[in-house]
Amino acid sequence: MSQGPRYRFAPSPTGFFHVGGARTALYNWALTLREGGVFVLRIEDTDESRNQPEWTQGIIDALAWLGIEKGHPQFEGPYFQSDNAAAHVEAAMRLYAEGKAYFCDLTPEQVQERAIASGKQGYDGFSRDRGLEPGPGRVLRFRVPAGETIVHDLVRGEVRFENATIEDFVLLRGNGSPMFLLANVVDDQLMSITHVVRAEEHLPNTPKQQMLWEALGSPAPTWAHVPVLVNEQRKKLSKRRDKVAVEQYREEGILAAAMVNYLMTLGWAPHGDTEIVPWQRIVDEFRLEDVNHSPAFFDIQKLLAFNGEYIRKMTVDEFIEACAHVLSAAAAPWPADSFDPAKFRAMAELVQTRVQVLADVPSMVDFLFLDAPTVDDTAWAKATKDDWAAPLLNETVAAFATIVEWSAPELKASLEAITEARGLKLGKTQAPIRVAVTGRSVGPPLFESLEVLGRDVTLRRLRDAVARLG
RNA sequence: GCCCCCAUCGUCUAGUGGCCUAGGACACCACCCUUUCAAGGUGGCGGCACGGGUUCGAAUCCCGUUGGGGGUGCCA
């Protein structure tokens, strides 16, 4: 049976799904698709109190949103690392039996004390030749061989590590449970992984894992360490400080296609002068050899720009469909039963070119569904500061009341007449009307808005404004 | 401290020794369009960190300096 490469994505469920993880997953996925391989999802839930079951579902859902889904013929999993604990321990004991690992009874504190006493950092190999048997509280450490470990990395090239600089690391904890380094390698072997594509932060772990692969009797997989994503301070994106949750972006109305496209341009770029390209083109062109070596800043502003482009690329129907979530009762600022799909449809095209994320949509049309507009005080003050404001509003009420056909062109003509008579510009005179009716100084084109709103409500709001101005 | 990685406009990138007077995108600025705001169009600002080599020729190769980043757990 000849089969393609087997990639894998192995997140640990310790919080919301991170955009950095999403990018790594996408890299693996693109490669899997292009090379006709398999993408294995493995949840690394090995003990650790930080793991929560709900995060696991979050990862699965977020990946599916990005297009990496269970059910696709090239998707395999999810597997759970904790299910393989027995195999991890078995592998560790094999290494012990072969003399490639040994037990040590030093506590972390004792290791620390010895390090301070000797002036050297880390574990000094104290128990290497003490011939300790397994026992409670004893950890199993890997006996790092002498020599040099050369890692062949698809994005970095050849990276050399002097084994003498690598301490005898722990394989099994004092309580007998396996550590990440070991579990990760054993699982990759069990799952016949051929390519390990992960974030650069794992590069220092790689020589250790490569030694483990060899000690366990298999040739190491092909490695590739992609640069990390950083914040404006050029620090690795962190869950605590930065806005990194994929779920949150999704909630705010970032489109999956925009997120995917943007993430792929971090550390890499499609050929040609356009960065906005369909996923299929990314699959066709993406190569690890072309991935940049330096960290990339996750620029939300640029993500928003991408998203705006994707929104504008949609048909009106698609846009309306995509807005369903932010317009729904729970998310919207208006009472559930006052939403009118027909009115939104009438405004949709005008809204579409004015938003960068779907979450911006409600504020553009809320005046249509709210009983009274939420008036922005600053906007109101500015729009009504001129002495012509009040008389103009009065005059407008009278004119609008007698308009024969309540349509945008008619409304525009009507206001234009009033405006010219006063020697003003439409840009000026529309301001108090806009604020009076919609509550805001900016929004979709005014006359179209009024047309959709209807004569009765428009006049009522204008009269309220006149009254308010005293 | 030790180990490792990295270095093109503010940001993301193209660039793999001559096609570079370094291209595009986001942001920014100006103008056009215009009923606000957008969108769209046009133009502009702006970069190969520094110093040595190698070469007829270096953003591209080598060395060093400086500056960033990552790792250094009985976390993953």
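Reminder, nothing fancy here: chain letters follow the sequence lines and each chain counts from 1.
- Here the shortest heavy-atom pairing between A:Pro270 and A:Arg281 reads CB-NH2, 4.2 Å.
- In this structure, A:Asn307 atom CG and B:C26 atom P are separated by 14 Å, rounded to whole Å.
- A donor and an acceptor atom, one from each side chain of A:Thr315 and A:Asp317, are nowhere located under 3.5 Å apart.
- Backbone-only contact: A:Val159 has heavy atoms under 4.0 Å from sugar-phosphate atoms and none from a base.
- Contacts of A:Gln301 with the nucleic acid, taken as non-hydrogen atoms under 4.0 Å apart, involve only primed sugar atoms and P, OP1 or OP2.
- Within 4.0 Å (heavy atoms only), A:Gln121 reaches at least one base atom of the nucleic acid.
- The shortest distance between the side-chain N/O atoms of A:Asn292 and the OP1/OP2 oxygens of B:A14 is below 4.0 Å.
- Among the protein residues, A:Gly267 comes within range of the sugar-phosphate backbone only, with heavy atoms under 4.0 Å from sugar or phosphate atoms but none that close to a base.
- Taking 3.5 Å as the limit, the base of B:A25 and the side chain of A:Asp273 contain no donor-acceptor pair of atoms between them.
- Contact annotation for A:Thr419: no contact, since no heavy-atom pair falls under 4.0 Å across all strands.
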How would you summarise protein contacts on nucleotides 32-39 of chain B per nucleotide, using B for base, S for sugar-phosphate only and - for none, with heavy-atom distances below 4.0 Å?
---BBBBS
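- If you take atom C1' in B:A22 and the same atom in B:G46, they sit 13 Å apart, rounded to whole Å.
- Within 4.0 Å (heavy atoms only), A:Leu229 reaches no atom of the nucleic acid at all.
- With 3.5 Å as the limit, one finds no donor-acceptor pair spanning the side chains of A:Trp223 and A:Gln209.
- Note: A:His202 and A:Phe180 have tilted aromatic rings, judged against thresholds of 30 and 60 degrees for the angle between ring planes.
- Between the base of B:A25 and the side chain of A:Lys302 there is a donor-acceptor pair shorter than 3.5 Å.
- Residue contacts shown for A:Phe161 are limited to sugar-phosphate atoms, with no base heavy atom under 4.0 Å away.
- Among the heavy atoms of the strands lying under 4.0 Å from A:Ala305 are primed sugar atoms or P, OP1, OP2 only; no base atom is included.
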Under a 4.0 Å heavy-atom criterion, the protein footprint on nucleotides 58-69 of chain B, written with B, S and -, is -----------S
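- Distance from the side chain of A:Leu203 is smallest to B:C5 among B:A76, B:C74, B:C5.
- Rounded to the nearest Å, the gap between the P atom of B:C74 and that of B:A59 is 48 Å.
- At the heavy-atom level, A:His202 lies under 4.0 Å from base atoms of the strands shown.
- Listed by chain and number, the residues in a ring-ring contact (aromatic ring centres under 6.0 Å, His included) with A:Phe298 are A:Tyr249, A:Tyr262 (sequence neighbours excluded).
- In the displayed structure, A:Lys382 atom NZ is contacted under 6.0 Å by at most 12 heavy atoms of other residues, nucleotides or ligands.
- In summary, of the residues considered (A:Ile300, A:Asp299, A:Asp242), a side-chain contact (heavy atoms from CB on, under 4.5 Å) with A:Glu232 occurs for A:Asp242 alone.
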